[in-house]
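I have placed the structure first, in the form of structure tokens, so that the comments after it can refer back to it.
Note on naming: letters A, B, ... go to the chains in the order of the sequence lines (proteins, then strands), and numbering restarts at 1 for each one.
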Protein chains: 2
Amino acid sequence: MNKRVRLIDVAEAAQTSIKTVSRVLNNDERVSDETRERVQKKMNDLGYQVDIIARSLRTGVDRVIGVVVPKIGDPFFAELVEEVEAVANEHGIGVIVGSTHGELVRENELVQGFIQRRVTGMIIAPQDADYSFLKQNQMPTVFIDRAPEKYKADVVRVDDEYGAKIAVEHLIKNGHTRIAYFADNLKVKPTALRLDGYKAALKDAGIKLDEELQFLNLEADMNLDVTIEKALKIKNPPTAFFTSKAEISINIVSTMHKIKRTDIALVSFDDFTLAASIQPSITVIDHSAREIGRVAIKKLFEKIDGGDFKPQEHIIPLKVVPRGTGEIKVKVSA
Amino acid sequence: MNKRVRLIDVAEAAQTSIKTVSRVLNNDERVSDETRERVQKKMNDLGYQVDIIARSLRTGVDRVIGVVVPKIGDPFFAELVEEVEAVANEHGIGVIVGSTHGELVRENELVQGFIQRRVTGMIIAPQDADYSFLKQNQMPTVFIDRAPEKYKADVVRVDDEYGAKIAVEHLIKNGHTRIAYFADNLKVKPTALRLDGYKAALKDAGIKLDEELQFLNLEADMNLDVTIEKALKIKNPPTAFFTSKAEISINIVSTMHKIKRTDIALVSFDDFTLAASIQPSITVIDHSAREIGRVAIKKLFEKIDGGDFKPQEHIIPLKVVPRGTGEIKVKVSA
DNA sequence: TCCCATTATGACAACGATTACCTACCTATG
DNA sequence: CATAGGTAGGTAATCGTTGTCATAATGGGA
């Protein structure tokens with residue numbers, strides 16, 4: 001294929017040195033207007049393009065930030081990445097993404113790979129708690145969603161326990177006392193915290209905890225028909241559902257519509273497309289991916305060009321977005 | 001910060017040459033087991049990690065593929081990227097993404113940036129038609145969604161016209177003759193093709209085209225209340241809607257639920273979450289992001305390691321996924 | 001015994017940019 | 001007139017790895 005045009009090629013053409021061309025490229029003052037113009041013309045003529053890799057090697061950093069998420073196809077993380085990318089772009093920095101799919105090995109590989117690449121910084125939604133392999137201050141890093149253990153770092157997250165608590169309180173306020181909780185994998189810290197919030201709300205209201213109402217460790221893509229059927233068949237059945245995340249909520253909405261049980265109140269931890277539009281519409285705890293992304297990338301840039309700050313935790317405030325399913329046993333017709 | 005461990009550091013520790021260490025690193029046969037073991041031990045002890053940038057400079061390629069999409073936050077592209085990433089990952093290759101947000105300048109910057117970075121390959125969903133700036137065969141590239149003009153390249157896309165045609169035919173088969181079309185920006189090629197398909201289906205069925213039923217160049221995030229109201233108020237109102245893409249469909253579903261008009265049939269070009277679950281559920285033309293992604297990355301790797309094939313067009317087959325709203329004026333209760 | 005082939009290893013250049021340092025040259029000032 | 005200081009530009013080292021080519025040691029066959 002066509003050979004690359006290098007600085008030296010431009011230098012020869014412009015009858016000057018490689019260094020002067022480099023100066024022009026980097027907008028160094030120390031070049032006379034005349035020379036600058038001549039060099040620039042030649043650059044255009046030859047179609048010169050910097051070699052980013054060579055530059056990165058010399059300068060010691062690759063102008064890219066590495067983002068690690070469980071699943072880029074998940075709209076939550078996709079939006080988060082979009083926000084990160086938008087801000088990074090303003091700084092002339094690219095974004096390289098990797099999905100762990102919940103595999104710890106993969107997560108480690110990704111992070112190691114970013115280090116090997118000398119990325120400018122990292123944003124990580126960790127599954128794995130143990131980040132002790134990362135040397136403190138080795139690389140500007142911001143964690144999202146949950147903090148790693150054994151490593152001091154900036155974290156941007158929502159207050160999961162509080163969010164779950166106000167969600168359940170919302171239901172209690174609307175007269176519900178039999179509230180079932182549908183959660184994904186409890187090994188994931190935020191999910192565990194949400195369960196705590198659920199319990200706390202019930203306890204505060206003096207409602208006795210009923211293990212029969214807790215459906216834990218569900219898979220997001222699992223068929224919940226049987227689970228839900230079971231839930232609705234217990235002696236004193238629930239009048240409201242609380243779900244730990246969007247995928248589960250969607251799954252449940254789907255099933256409920258199928259079995260024509262739209263009389264159950266539902267509050268979802270995440271918001272999701274159409275949650276507001278469907279009948280009955282779903283009350284959610286607003287959990288903005290974009291805001292988390294925005295704060296995370298902002299913090300990351302502070303670390304990158306501001307030097308080292310001491311690690312902080314940033315809690316994104318949560319609130320209930322009430323939407324019609326708060327009230328008890330309202331039969332809504334579509 | 002801590003100095004990086006280099007090949008030469010390992011070489012010194014293992015009392016051998018830098019080249020031998022490099023051989024061990026790259027699993028070169030030409031190293032005695034004894035030496036290999038000694039070197040490997042030192043690598044571990046010192047915590048050696050390759051410098052990917054230096055390697056890329058030397059080898060001439062960065063083991064990363066560049067993906068350009070209009071909007072990574074769009075679930076369609078997010079899923080596509082997830083699929084691409086999964087396959088790339090198997091090859092030990094990373095994914096760097098950029099969103100154009102419909103800006104041609106940004107699109108060009110992204111592509112140029114990837115070239116400057118010597119990426120292994122590119123997957124591009126182009127907005128801009130003119131890719132003449134790319135030298136033929138300069139870089140393994142696969143286009144998705146639409147072909148660029150002035151550049152011969154592999155393209156993976158769906159047959160937009162055909163998809164729209166079968167969508168409308170589905171409605172016609174179910175007795176509809178007044179079918180409104182809601183479309184996004186017609187300057188985008190696929191959208192224009194879908195309009196062609198809509199027209200073709202009506203023509204084939206001998207139904208006269210009515211401009212009053214065409215609502216074109218809508219913005220995805222626009223409030224469609226007024227538009228829909230207008231649509232339903234014309235003298236001979238539509239009994240069915242056909243939409244050009246998921247965002248618009250979602251928007252419409254939202255409005256229809258709000259105004260309690262669930263008697264209108266709706267067929268959507270894209271599938272979307274909950275399309276199957278809501279009442280009435282929405283018939284869609286299946287347009288799998290994942291499949292497009294999978295085919296695109298597969299083709300890309302064929303180009304990368306297979307050498308140069310002549311550019312081909314890959315059309316992903318489309319089909320109607322019928323879901324309850326085909327029949328005319330069925331009032332569905334939730 | 002000698003020579004060629006094979007194996008294990010090493011020295012050195014190259015990839016394309018930036019950085020540290022050096023050299024002219026010109027001007028201003030005592 | 002001599003010297004200091006500023007300006008424009010150049011030379012060579014460097015970043016960490018891999019490719020080319022050379023070399024030493026070993027073994028087998030003639």
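For the ring pair (Phe, Tyr, Trp, His ring centres under 6.0 Å) test, residues two or more places apart in sequence or in another chain that qualify with Phe301(B) are His91(B). Looking at residues two or more places apart in sequence or on another chain, you find a salt bridge (charged side-chain N to carboxylate O under 4.0 Å, His left out) between Arg118(A) and Asp51(B). With sequence neighbours left out, Glu83(B) forms a salt bridge (charged side-chain N to carboxylate O under 4.0 Å, His left out) with Arg290(B), Arg294(B). Legend: residues meeting ring pair (Phe, Tyr, Trp, His ring centres under 6.0 Å) with Phe76(B), ordered by chain and number and at least two apart, are His287(B). For Glu37(A), there are no salt bridge (charged side-chain N to carboxylate O under 4.0 Å, His left out) partners, not counting sequence neighbours.
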Can you tabulate the close N/O pairs, meaning under 3.5 Å, that link protein atoms to atoms of nucleotides 25-28 of chain C?
none

Would you list the protein and nucleotides 19-26 of chain D atom pairs, both N or O, that sit under 3.5 Å from each other?
| from | atom 1 | to | atom 2 | distance (Å) |
| --- | --- | --- | --- | --- |
| dG19(D) | N7 | Lys19(B) | NZ | 2.6 |

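Listed by first and then second residue, the salt bridge (Lys or Arg N to Asp or Glu O under 4.0 Å) pairs that reach into residues 98-117 of chain A are Asp62(A)-Arg117(A), Arg106(A)-Glu109(A), Arg106(A)-Glu85(B), Arg117(A)-Asp62(B), sequence neighbours excluded. Contacts classified as salt bridge (Lys or Arg N to Asp or Glu O under 4.0 Å) and involving residues 65-75 of chain B (residues at least two apart or in different chains) are given here: Glu82(A)-Lys71(B).
Nucleic acid contact class of Arg30(B) (heavy atoms, under 4.0 Å, all strands): base. Contacts of Thr16(B) with the nucleic acid, taken as non-hydrogen atoms under 4.0 Å apart, involve only primed sugar atoms and P, OP1 or OP2. Among the protein residues, Arg36(A) comes within range of no part of the nucleic acid, since none of its heavy atoms lies under 4.0 Å from any strand.
Counting heavy atoms from C-beta on, the side chains of Val10(A) and Val39(A) come closer than 4.5 Å.
Comparing dG16(D), dT18(D), dA17(C) by their closest approach to the side chain of Ala54(A) singles out dA17(C). The side chain of Ser32(B) sits closest to dT9(C) out of dT9(C), dT17(D), dA17(C).
Between the P atom of dT18(D) and the CD1 atom of Ile52(B) lies a distance of 11 Å, rounded to the nearest Å. The distance from atom CZ of Arg118(A) to atom P of dT17(D) is 8 Å, rounded to the nearest whole Å. One interatomic measurement links the two molecules: CG of Asp62(B) to P of dT18(D), which rounds to 14 Å at whole-angstrom precision. Residue Asp33(B) contributes atom CG, which lies 14 Å from atom P of dT7(C) at whole-angstrom precision. Going from atom CD of Glu37(B) over to atom P of dA8(C) covers 15 Å, rounded to whole Å. If you take CG of Asp28(B) and C1' of dT17(D), they are 14 Å apart, rounded to a whole angstrom. In this structure, CG of Asp51(A) is placed 13 Å from C1' of dT18(C), rounded to the nearest angstrom. Rounding to whole angstrom units, CG of residue Leu57(B) and P of dC15(D) are separated by 14 Å.
Summarising the geometry, atom CZ belonging to Arg38(A) is positioned 9.5 Å from atom NZ belonging to Lys42(A); distances are rounded to the nearest 0.5 Å. Atom CD of residue Glu302(B) and atom CD1 of residue Ile297(B) lie 11.0 Å apart, to the nearest 0.5 angstrom. A distance of 8.0 Å separates CG of Asn89(B) from NE2 of His101(A), quoted to the nearest 0.5 Å.
Contacts of residues 6-15 of chain B with DNA chain D (heavy atom under 4.0 Å): Arg6(B), Leu7(B).
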### Task
Represent DNA chain C in dot-bracket notation, 5' to 3'. Only Watson-Crick or G-U wobble pairs with both distances under 3.5 Å count; pseudoknot-style crossings use [ ] and interstrand partners use |.
||||||||||||||||||||||||||||||
Distance-only donor-acceptor pairs under 3.5 Å for side chains of residues 142-154 of chain B, two or more places apart:
| from | atom 1 | to | atom 2 | distance (Å) |
| --- | --- | --- | --- | --- |
| Arg146(B) | NH1 | Gln127(B) | O | 2.7 |
| Asp154(B) | OD1 | Lys303(B) | NZ | 2.8 |
| Asp154(B) | OD2 | Gln312(B) | N | 3.3 |

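The residue among Ser17(A) and Ile18(B) whose nearest nucleotide of DNA chain D is located toward the 5' end is Ser17(A).
Although no hydrogens or angles enter the test, the distance criterion places no donor-acceptor pair under 3.5 Å between the side chain of Ser22(A) and the main chain of Ile18(A). Of the possible polar contacts, one joining the Ser99(B) side chain to the Ile72(B) backbone as a donor-acceptor pair under 3.5 Å is found.
For the pair Thr35(A) and dG9(D), the criterion of a side-chain N or O lying under 4.0 Å from OP1 or OP2 is met. Phosphate proximity of dT9(C) to Thr20(B): absent, as no side-chain N or O sits under 4.0 Å from OP1 or OP2.
More than 12 heavy atoms of other residues, nucleotides or ligands lie within 6.0 Å of CD in Glu313(A), so this atom counts as buried by the packing criterion.
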